[in-house]
Number of protein chains: 2
Amino acid sequence: MARIVDVANLAGVSTATVSRVLNGKNVRPELASAVRDAVMELGYSPDRTARSLRRRHSEVIALVLPDVENPFFTAVARGVEDVALEAGFSVVLCNTDDRPDKEERYLAVAHDEKMAGVVLAPATSTPPIDRLVGNGRSVVVIDRRVTHAVDQVTFDNRSLGYRATRALVERGFRRIACVTGPATTSTAVDRADGWRQALEDAGLVADDGLLVHANFRVDGGYEALGALLGRSPAADAVLATNNLAGVGVLRALADRHGGPLPGPDANRRSPGPELGVGIVGDLPFATSRTSDVVLVPLNPRDLGVTAARLLLDRISGDDTPARHVVQATEDAAAVVQAAR
Amino acid sequence: MARIVDVANLAGVSTATVSRVLNGKNVRPELASAVRDAVMELGYSPDRTARSLRRRHSEVIALVLPDVENPFFTAVARGVEDVALEAGFSVVLCNTDDRPDKEERYLAVAHDEKMAGVVLAPATSTPPIDRLVGNGRSVVVIDRRVTHAVDQVTFDNRSLGYRATRALVERGFRRIACVTGPATTSTAVDRADGWRQALEDAGLVADDGLLVHANFRVDGGYEALGALLGRSPAADAVLATNNLAGVGVLRALADRHGGPLPGPDANRRSPGPELGVGIVGDLPFATSRTSDVVLVPLNPRDLGVTAARLLLDRISGDDTPARHVVQATEDAAAVVQAAR
DNA sequence: CCGTTAGCAGCAATCGATTACAGCACGACG
DNA sequence: CGTCGTGCTGTAATCGATTGCTGCTAACGG
C-alpha cells in the first residue's frame, strides 16, 4: 500500500503538497501534475482511516432501519445510497427490528465510529439520539415523527389514509375497517386518523370496532383480518395502512378462497366472504392480480433521497433550525389507483 | 469526548495500561478496577478510528450484494449481520445491481476503508477481488461460484433444480419448461442443469425450446412466461429457478385469469391456460395462495451465517486453503413442498 | 544475601493524512 | 533600494489508541 510519503518522494514534493493537490487547494500547476502522475504510477489512494482520525469524522453515513426485509425500507435505502455515493459517502445499513435496544446499540456504533451522520427510521418516538446531536453529529429522522428538534422527513400520513379510504368509499364500500400499526408509531396513528376523517366526511361510521392495531408485518395483517371477520356488523372493506399488513390481509383473503372485490356490486368471482381492500403502500412482490385493490402508492426512494440531501446539507455545515419536510407523493395517487 | 489520556489521568495510570485493561491483557487487579471506574465515570469509549489506524484494519465487514431489494439477499444480510454483531463487527451493506462497475467501486471502498473482510455475492464469475486478497484481506464469496481460490458458500444448485423438477414430475406434469437467469451466473446454469437431469431421469424431453434465459428479476420471469406460452408444443408446467422470476411467472399467470395448477388432472378453478409452477426459493410477500406451487424453500439466512462464520475465522488468522462449503438446505424440502 | 527471572507498568514510537505556522520568493509600492 | 504583502511550499505538530521496548519490583533458588 502506497502512502502519501511515497507519492511525495516520487513527485519530489512534501506530503503537505500532495494532500493539498488531492483536496483541491491551490498548488503550482507543474507540481500538481507531478503529484497526479505519481498518484497514478503508485496507484495511491488515501487511507480513509487516517483521514477520518485527523478530520474527526468519517465519510460514512448510517442508515438505521426497523426492518431491512421490508421492501419499503429497502427502497428508502436505495434513495439514500444513490445520493450519498454521489457525494462520496458510503452507507451503512443497520437493522433494529423495531427494538429500542438494538436501535441504541447501532446509534452508539454510529457515534463511536465517527460516522458523518445518521438517517434514522426510529423504533420509538423518543430514540436515543441526544449524544449524537450533542456531539454535533447530523441526524435526519424519517418515516415516523419524533419529539426531538431534528430534521424530519415524513409522508403526509393523514392524507394517505384519507385518500385510500375515500377511494374505497367511491367504489361503493360503506363499512370500511382499518388495520393499522402499533399505536406508538406516528405513521399508524396518522393514517388511521385519515381513515376516520374520510369516513366522517362521507357521513359513514368509524367506530372503534372497525379499528385494529396490529403490527406492521405480514402476520399482523393476516391475524387482524381474522379478528375483523368475526365481528358484527361485518365490514365490507378493509384498509391496511402499510404494505406488509396489506400483504397479510390479501393472503388471509386468498386463504379463504376469495380475493379482493372490485366493489360490492361487481360479480363475485369465487365463493366465500369477500372484502374490498385498500392498502397504503406498494406490493412489489405480489403474486396475484392487484387491480382490484385500491393502492395508494408511495415513493420511498424519494423519501430516502430527500433525507440524504438534507443530511448532506447538515454535514456540510448548514445549521439553520430543524426542518420538518413532508415528502410529496404522486398526485395521481390521490385518485383511485388500480395498479399492479 | 473523553480520550484515553483522560481515563489514564483519572485512574492514575498510563494510557498503555488503560489500553491493556480494555483489551483484556494482564494488569494488576486494583489498577484494572481503577481504570474501569474511570471509564464508567467519564463514559469513555475508544475512538474506533484511531484504533483502526493503529491496528491496520477496522471492525467493519462489507456485505456486497447484487440486489438489496431481493428478499433472498436481505435474509442473507440478516444472517451475516447477526453473526458479525455478536463478534463485535458492524456490517456495511452495498448494492451492485449486478453491475461490474458498481461492484468494483464498492470493493475498492471496502479496501480503502480497511474493512476487516468482505462477503460478496458476485456480479460476474471473475470479480475484482485480487487487490483485497493480495493485501491480506479476507473474502468469502457466496451464492455464485467464482474461479478465484477463495472461500465460497453456495447451495447445491444442481440438486435444487433437480428436486423442484422431480416434484413437478411427481405431480404428473410432463412438458416442464425452465425459466432461469443469465447464462453468466453459476446459479442459473446449475439449477437449469438439475432441471435437465431430472427430466432425463424421468424419461422426459428437455429440449432447448423449453429453456429460457431471462434475468433473475420479476420482469424477467413475467416476460419469459409470455415467450413460453407462444411456443409449441406447449409446456404444461414451468420451473422458475429463483424467487423473483417465480413472482414474475405467477403474476403473468394471474394476469391471464388463471393461476398455478395443483396438477393437470385437478379441476381448473378459472378459465384460461393454466400451468403447473415450480419455484426454487421462497415467496415471503406472496399475496395469493401458494399451496398449488411447488416450492423448494431455501435458507438464505443460514447461508449468511455460514459465510460470516467462515469470514470471522479468516479474520482471526485462519490461513488454511480456501474452502468451498455447500450450504445444506432442509431435507424436508426434498419432498414436494406445498407451503405458504 | 545476591542473582535471575517473570510479570507488569510506562515511555515513546507508530499508524497515515491533515493543517497551523513558518519561511521563502517575488512583485508592488513608497 | 527597502518594506510590505501575497502566494506557495515545507516542517512538524496533531488526531487517539496500540504496542515494542525498557525498567522496575518482587519472588524464588542457590
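First the proteins, then the strands, lettered A, B, ... as listed; each starts at 1.
The distance from atom CG of B:Leu22 to atom C1' of D:dT19 is 15 Å, rounded to the nearest whole Å. Rounded to whole Å, the distance from NZ on A:Lys25 to P on D:dC8 is 13 Å. Rounded to an integer number of Å, the gap from CZ of A:Arg54 to C1' of D:dA17 is 16 Å. As a whole-Å value, the separation of A:Leu53 CG from D:dA13 P is 17 Å. Put simply, CG on B:Asn26 is 18 Å from P on D:dA26, counting in whole angstrom units.
Between the axis at the start and the axis at the end of the helix from C:dC1-D:dG30 to C:dG30-D:dC1 there is an angle of 60°, using five pairs per end and rounding to 10 degrees.
The residue among B:Arg20 and A:Thr49 whose nearest nucleotide of DNA chain C is located toward the 5' end is B:Arg20. Residue whose closest nucleotide on DNA chain C sits further toward the 5' end, between B:Thr17 and B:Arg56: B:Thr17.
Side-chain contact check for B:Gln152 versus B:Val325: every heavy-atom pair is 4.5 Å or farther apart. The shortest distance between side-chain heavy atoms of A:Asp143 and A:Thr187 falls below 4.5 Å. In this structure the side chain of B:Met115 reaches within 4.5 angstrom of the side chain of B:Val92, judged on heavy atoms.
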Handout entry: Steps toward salt bridge (Lys or Arg N to Asp or Glu O under 4.0 Å) verdict (A:Arg323, A:Asp318)
Key = CA-CA 11 Å; A:Arg323 283 164 290 182; A:Asp318 175 358; 3.0 Å; yes
Practice task
Kindly indicate, with the supporting measurements, whether the criterion side chain to side chain contact (heavy atoms under 4.5 Å, CB included) is fulfilled by A:Phe72 and A:Leu298.
Solution key: CA-CA 9 Å; A:Phe72 175 86; A:Leu298 297 178; 3.8 Å; yes
Exercise for the section: Go through the steps for A:Asn299 and A:Asp302 under the test side chain to side chain donor-acceptor pair (under 3.5 Å), then give the verdict. Expected result: CA-CA 5 Å; A:Asn299 45 348; A:Asp302 294 339; 2.8 Å; yes
Handout entry: Stepwise salt bridge (Lys or Arg N to Asp or Glu O under 4.0 Å) check, A:Arg54 with A:Asp47
Key = CA-CA 11 Å; A:Arg54 184 62 226 233; A:Asp47 183 310; over 6 Å; no
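The phosphate of D:dC8 (OP1 or OP2) has no side-chain N or O of A:Arg28 nearer than 4.0 angstrom. At the phosphate of D:dA17, neither OP1 nor OP2 sits under 4.0 Å from any side-chain N or O atom of B:Arg48.
Between A:Ala307 and A:Val153, the closest heavy-atom pair is CA-CG2, 4.0 Å.
With 3.5 Å as the limit, one finds no donor-acceptor pair spanning the side chains of A:His57 and B:Thr49.
Among the protein residues, A:Val18 comes within range of no part of the nucleic acid, since none of its heavy atoms lies under 4.0 Å from any strand. Backbone-only engagement by A:Val13 is indicated by non-hydrogen atom pairs under 4.0 Å involving sugar-phosphate atoms exclusively.
At a threshold of 4.0 Å, the pair A:Asp67-B:Arg78 counts as salt-bridged, since one of the basic side-chain nitrogens sits closer than that to a carboxylate oxygen. Taking 4.0 Å as the cut-off between side-chain N and carboxylate O, A:Arg99 and A:Asp101 count as a salt-bridged pair. A salt bridge is absent between A:Arg314 and A:Asp319; no separation between the charged side-chain nitrogens and carboxylate oxygens falls under 4.0 Å.
Counting only heavy atoms from C-beta on, A:Ala16 has its side chain closest to D:dT11 among D:dT11, D:dC8, D:dT19.
Residue side chain B:Arg51 does not reach the base of D:dT18 through any donor-acceptor N/O pair under 3.5 Å, judged by distance alone.
Contacts between chain A and DNA chain C, taken as any atom within less than 4.0 angstrom of a protein heavy atom, begin and end at C:dG16 to C:dT19.
Across residues 29-44 of chain A, A:Leu31 each have a non-hydrogen atom less than 4.0 Å from an atom of DNA chain D (numbered order).
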